[in-house]
Amino acid sequence: MNLKNEIATILAHSIAAAVAEGSFQDDLPGVERKVEYPRDQKFGDYAIPFALESAKLLRKSPMEIGQKLAQYMGSDPRIEKIEVVKPGFINIFLSSGFLFKTMKDIIVQGKEYGRARKENPRRVNIEFVSANPTGPLNIVSARAAAVGDTIANLLEFTGDTVNREFYINDFGNQVLLLGRSVLARIRELRGETVDFPEDGYHGEYIRDIAAQINSQYGEDINEIKEESALIDFVAQKAIEYNVKGQKKDLEKFNVRFQTWFSEKTLHEKDEVMMTLQVLQSRGVVFSEEGKTLFKSTDFDDDKDRVLVRDDGRPTYFLADIAYHNDKMQRGYDLIIDIWGPDHHGHIKRLFGALKAMGLTEDKFKILIAQQVNLLMEGETVKMSKRLGQFSTMRDLIDEIGVDVARYFFVMRSLESHLDFDLTLAKKQSSENPVFYLQYAHARICSLFREADKRGHAYDPELARAEYFDNEESQALMKLLAKFPEEAADAAEKFEPHRITTFLMKVAQGFHKFYTEHRILTEDREMSLAYLTLCGAVRIVMANGLRLLGVSAPEQM
RNA sequence: GCGCCAGUAGCUCAGUGGAUAGAGCAACGGCCUUCUAAGCCGUUGGUCGCUGGUUCGAUCCCAGCCUGGCGCGCCA
């Protein structure tokens, strides 16, 4: 149940009734029938600006329109009262009886509270992280992992079916480069003198991979005589090693992908060249100096892009079109990519190509997660795999823990450039916002342990409404009732940070309630009532934290 | 030069076409004989980058400008 939607429905009915009666005209272009949250609680729980926005078209005063609508919204049991105030807002106050009932429902629903079901769930594919298989995952991947997984959680929670996908770029130049780099380190290990490839991967981790492969596949390496075959062999083993490591790190981060999609298989199955043929048949491809190009200038790009080089090798761009076509052919209703800011320039040409292939672009959604500035001691750390300088996701998890890391990456909107001060995150860990949330949960668990010890009964059905006639309880119950719509909004807009903001408010509401009201007392009926409210808060906190992939500890 | 993102409190950032713009941290002052003080209360702190425009109403939308970050490969 999503209250905000239901208020919107009530509004729609009222307007329809007023139209039927002849008070309003039906056709109101540009006037939204929206429901919003007032800034100040004295203006109620929901506010409707419809009267203000439609006044001009209806040629009536906003107050008059508001009164008319309020009349029709009348007698819903969930609504305590409706006020129409200057300049013409319709303010809606939820009834405390409804809030009380909702609180008890929360406890019945437990883990399911906030979850929505859809009559026609969308099949959603969400691709994220997709780091190159040339080394360990870094901080940028960590943000993508946290954000992507949380969005996937939100979509599942609000009724869609979600497939998490990781695209392995195990094809092209970098594979060769990786192979040469690792092979050079293997030869060093064997005491041979080698020139390390200048444009190779210089990171220390290459030596680890080399040692691993040397001990495991030493004999195979001895047997392969041809240099290019050897490089290829080593490269494949290195990729396997890296992907395995990435998978392990991600699992440690509570992220599990259903699909690991290899770029190489696209080429092997000839999907790349078949995609080229489709594009050719659409007449959007031309040749020039032995190269094949896509006429992307016809699709609002600033220049035409090469699909096949003059030596016959396809570009990444062509493979990417084939990949997105492949996803499309798998029958998804919505295909989400989470990309880094350095890829934003690709959107236009990719969409152009997909459009040229006759694919509807409204099924694709590309989200750009802005960059992460990693700071140490207040100074920016530059990250470059080639130069071997970077902080790995593994290091991050070891330093500050999964909970803090996931929370930090998700607490800001996607478009925000994120400053992540490692030193600060570690040092200030006890004053970290994530602990504030977890503390609320742990505190409640502790209360229940204590209640149990003291022999308090806990039967939410027996809780009585009269104990909640105080500011803290009312405020808290209102927040709890809003969890489903917060989750729905966050999912719909792909804005996971809304959940962190919301949970912050719930935790705040709880801590205040806890300070103001003693829960376990001789007044057993009151204790029962308060425990019921605490139980509902615990469920909302736990469900919200679960969406974020952050643990809800029972004690701290 | 073109494109994307950002510019809101000392710092990191939420937020909204509407009513008195918020949080965390930092600073300062209070609150534990009683259920977890990782908490609560209070104080200090703002030209919502600048200039125009649209609107009954703009921090929010539009245009221009300024500043910062990133991108502008036949790398992936």
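Just so it is clear: chains get the letters A, B, ... in the order the sequence lines come, proteins before strands, and each one is counted from 1.
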Practice item. Could you tell me the separation between the CZ atom of A/R309 and the P atom of B/rA76, rounded to a whole number of Å? Key: 5 Å
Review point. Taking the side chain of A/P341 as its heavy atoms from C-beta onward, which of B/rC70, B/rA14, B/rA23 lies nearest to it?
Key: B/rC70
Practice item. Could you give the distance separating B/rG15 and B/rG7 at their P atoms, to the nearest angstrom? Key: 10 Å
**Study point:** RNA chain B: 5'-proximal contact among A/L414 and A/Q370 (nearest heavy atom)
**Key:** A/Q370
Review point. Looking only at N and O atoms, is any donor in the side chain of A/H344 or the base of B/rG3 less than 3.5 Å from an acceptor on the other one?
Key: yes
Check your understanding: Can you tell me how far P in B/rG64 sits from the matching atom in B/rG73, rounded to whole Å?
Key -> 24 Å
Review point. Less than 6.0 Å separating the ring centroids of A/F166 and A/F261?
Key: no
Practice item. May I ask you to establish whether A/K327 and A/F364 are in a cation-pi arrangement, using a distance under 6.0 Å from NZ or CZ to the six-membered ring centre and at most 45° from the ring axis? Key: no
Point to revise | Selection from B/rA76, B/rU12, B/rA14 that lies nearest to any side-chain heavy atom of A/D419 | key: B/rU12
**Study point:** Base partner of B/rA63, which must satisfy Watson-Crick or wobble distances under 3.5 Å
**Key:** B/rU51
Revision key, fill the gap. In Watson-Crick or G-U wobble terms, with both distances under 3.5 Å, the base opposite B/rG17 is none
Check your understanding: Can you give one letter per nucleotide of nucleotides 31-37 of chain B, 5' to 3': B if a protein heavy atom sits under 4.0 Å from the base, S if only from the sugar-phosphate, - if neither?
Key -> ---BBBS
Review point. Just checking, is any N or O donor in the side chain of A/H417 or A/R412 under 3.5 Å from an acceptor N or O on the other one?
Key: no
Review point. Are A/K264 and A/F171 in a cation-pi setup, meaning NZ or CZ lies under 6.0 angstrom from the ring centre and within 45 degrees of the ring axis?
Key: no
Exercise for review: Can you tell me the distance, in whole Å, between the CZ atom of A/R349 and the C1' atom of B/rC72?
Suggested key: 8 Å
Exercise for review: Would you verify whether the NZ or CZ of A/R349 falls within 45 degrees of the ring axis of A/F299 while also being under 6.0 Å from that six-membered ring's centre?
Suggested key: no
Review point. How close or far is atom P of B/rA76 from atom OH of A/Y323, stated in whole angstroms?
Key: 17 Å
Exercise for review: Evaluate whether the aromatic ring of A/F89 and the six-membered ring of the B/rA19 base sit under 5.5 Å apart, centre to centre, with an inclination under 30°.
Suggested key: yes
Check your understanding: B/rC32: syn or anti, with syn meaning chi within 90° of zero?
Key -> syn
**Study point:** Atom-to-atom span, CZ of A/F510 to C1' of B/rG39 - whole angstrom
**Key:** 10 Å
Practice item. Tell me the partner of B/rG3, counting only Watson-Crick (N1-N3 plus N6-O4 or O6-N4) or G-U wobble (N1-O2 and O6-N3) with both under 3.5 Å; none if nothing fits. Key: B/rC70
Review point. So what's B/rG10 paired with, Watson-Crick or G-U wobble, going by both distances under 3.5 Å?
Key: B/rC25
Check your understanding: Considering Watson-Crick and G-U wobble pairs with both distances under 3.5 Å, what does B/rU33 pair with?
Key -> none
Check your understanding: Could you give the CZ-to-P distance, from A/R143 to B/rC5, as a whole number of Å?
Key -> 14 Å
Review point. Can you find a side-chain donor-acceptor pair between A/E485 and A/N5 that sits under 3.5 Å?
Key: no
Check your understanding: Any donor-acceptor pair under 3.5 Å joining the side chain of A/H343 to the base of B/rA76?
Key -> yes
Practice item. Apply ring pair (Phe, Tyr, Trp, His ring centres under 6.0 Å) to A/F448 and A/H456, showing your working. Key: CA-CA 9 Å; A/F448 275 95; A/H456 281 268; over 10 Å; no
**Study point:** Side-chain donor-acceptor contact under 3.5 Å, A/D403 with A/S551
**Key:** yes
**Study point:** Value in whole Å for how far the P atom of B/rC75 lies from CG of A/L307
**Key:** 13 Å
Review point. P atom, B/rC11 versus B/rC72: distance in rounded Å?
Key: 31 Å
Check your understanding: Starting at the 5' end of RNA chain B, which residue's closest nucleotide do you reach first, A/D304 or A/M411?
Key -> A/M411
Check your understanding: In the strands shown, is B/rU44 matched to any nucleotide by a Watson-Crick or G-U wobble pair with both distances under 3.5 Å, and which?
Key -> none
Check your understanding: Nearest-Å distance, NE2 (A/H441) to P (B/rG39)?
Key -> 17 Å
